[in-house]
There are 2 protein chains.
Amino acid sequence: MTESRPTVVPGQRSTRQRAAIGDLLDQLDDFRSAQDIHEELRRRGEGIGLTTVYRTLQALADAGEIDVLRTSAGEASYRRCSDTHHHHLVCRVCRRTVEVEGPAVEHWAEKVAVEHGFAQIDHTVEIIGTCSGCRS
Amino acid sequence: MTESRPTVVPGQRSTRQRAAIGDLLDQLDDFRSAQDIHEELRRRGEGIGLTTVYRTLQALADAGEIDVLRTSAGEASYRRCSDTHHHHLVCRVCRRTVEVEGPAVEHWAEKVAVEHGFAQIDHTVEIIGTCSGCRS
DNA sequence: TCCCATACTGACACCGGGTGTCGATAAGGT
DNA sequence: ACCTTATCGACACCCGGTGTCAGTATGGGA
């Protein structure tokens with residue numbers, strides 16, 4: 001989580017497919033499903049299998065290289081994010097995503113959990129709304 | 001959302017199956033999947049189909065009677081909650097759930113979103129940890 | 001109390017996201 | 001160049017959830 005953000009996960013082979021996925025993630029700014037990413041790569045002429053996309057995204061997420069979000073339909077979506085702890089403000093129409101920070105929220109979550117006797121506290125905060133561009 | 005919490009959704013017929021699901025939800029205190037609930041009802045001798053459980057829970061959720069949570073595996077889980085706006089503090093081991101309120105968080109989310117030009121703001125906040133009983 | 005329109009039920013087929021398998025392929029150290 | 005082995009990807013499969021539709025049961029009306 002503190003390394004310099006390599007395109008592939010360290011200790012693994014660098015393949016054309018992984019490079020392609022890494023490059024695409026660098027260009028995209030919003031959360032995309034595995035199928036979205038597969039489709040986009042095919043459109044760009046990359047020969048790549050859907051299974052490979054699924055597994056590579058999963059591996060990147062496990063390594064903390066990318067963030068995962070579950071859509072309300074239960075589908076996983078991925079996005080390359082900054083290394084610092086943050087949350088997401090997402091447009092429900094165009095999926096435009098803004099990273100936001102909220103130290104006060106972190107502290108609140110920690111305090112509330114401790115008050116109830118909980119430990120090893122983790123939390124998720126997502127804000128969804130309609131962005132200015134999508135309201136016209 | 002302001003009515004007195006009927007066991008079934010208003011305007012619909014009251015059936016044995018819906019009553020059974022409503023009763024069970026009243027007794028449970030943590031989030032359960034549709035299959036959990038179906039299994040528990042069968043164990044108690046209720047003749048009820050899995051499809052009916054899925055649809056009834058979905059209807060109750062749509063009516064705002066119960067809260068829905070997506071597990072990290074993408075599975076939906078349900079729980080009867082209080083009418084007031086709240087968030088959940090859940091034990092990752094035993095799933096024990098505590099309802100918590102955080103007006104400061106609501107305001108923060110609203111403020112952050114408005115600052116970025118977003119409107120019709122909604123948000124999700126979940127806190128997960130290990131409860132005192134599950135740490136021994 | 002009986003009747004009946006119709007909401008509800010639930011077995012089953014089906015859908016779709018995602019994973020296990022395994023022979024073929026290719027990375028990269030020697 | 002060679003060989004070990006990680007990776008790829010077509011395919012079968014898993015599983016949570018939904019559509020279908022014939023059969024059932026509710027509850028308002030006569």
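Here is the naming used below: chain letters follow the sequence lines, and residue numbers restart at 1 for every chain. Keep in mind that what you see is a predicted model, and the values were worked out from it rather than measured.
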Side-chain donor/acceptor of B:R55 to base of D:dG19, under 3.5 Å: yes
Base C:dC8 to side chain B:T52, donor-acceptor N/O within 3.5 Å cut-off: no
Any donor-acceptor N or O pair under 3.5 Å, side chains A:H38, A:E46: no
B:R92 and B:T130: side chain donor to acceptor below 3.5 Å: yes
B:S77 side chain to B:L69 backbone, donor-acceptor under 3.5 Å: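 Side chain of B:S77 to backbone of B:L69, a donor-acceptor pair under 3.5 Å: yes, one is there.
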Carboxylate-amine/guanidinium proximity below 4.0 Å for A:D26 and A:R80: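 So A:D26 pairs with A:R80 through a salt bridge.
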Centroid-centroid distance, B:H85 to B:H123, less than 6.0 Å: yes
What integer distance in Å separates [X]:[atom1] from [N]:[atom2]?
X     : N      : atom1 : atom2 : value
A:I37 : C:dG18 : CD1   : C1'   : 15 Å
A:L41 : D:dC8  : CG    : C1'   : 14 Å
A:L60 : D:dT7  : CG    : C1'   : 14 Å
B:D36 : D:dG16 : CG    : C1'   : 13 Å
B:E75 : D:dT18 : CD    : C1'   : 16 Å
B:R42 : C:dA11 : CZ    : C1'   : 11 Å
B:I21 : C:dG10 : CD1   : C1'   : 12 Å
A:H38 : C:dG18 : NE2   : C1'   : 14 Å

For the side chain of [X], counting heavy atoms from C-beta on, which of [options] is nearest?
X     : options               : value
A:R16 : C:dG28, C:dA11, D:dG9 : D:dG9
A:T15 : D:dT7, C:dA11, C:dC8  : D:dT7
A:R13 : D:dG17, D:dA6, C:dG17 : D:dA6
A:R18 : C:dC8, C:dG20, D:dC8  : D:dC8
B:Q35 : D:dG16, D:dG9, C:dT9  : D:dG16
A:T56 : C:dT9, D:dC8, C:dG18  : D:dC8
B:A34 : D:dG17, C:dT9, D:dG9  : D:dG17

Touch class at under 4.0 angstrom, heavy-atom based, for A:L50 against every strand present: nothing
Sugar-phosphate only, base, or nothing, as touched by A:A73 at under 4.0 Å among non-hydrogen atoms: nothing
C:dG28 OP1/OP2 closer than 4.0 Å to side-chain N/O of A:S14: yes
A:Q58 side chain near C:dT19 phosphate (N/O to OP1/OP2, under 4.0 Å): yes
A:R79/A:E99 under salt bridge (charged side-chain N to carboxylate O under 4.0 Å, His left out): CA gap, chis, key distance, verdict: CA-CA 11 Å; A:R79 177 178 187 267; A:E99 293 186 14; 2.9 Å; yes
Given DNA chain D, 5'-ward residue of the pair B:Y54 and A:Q17, judged by closest heavy atom: A:Q17
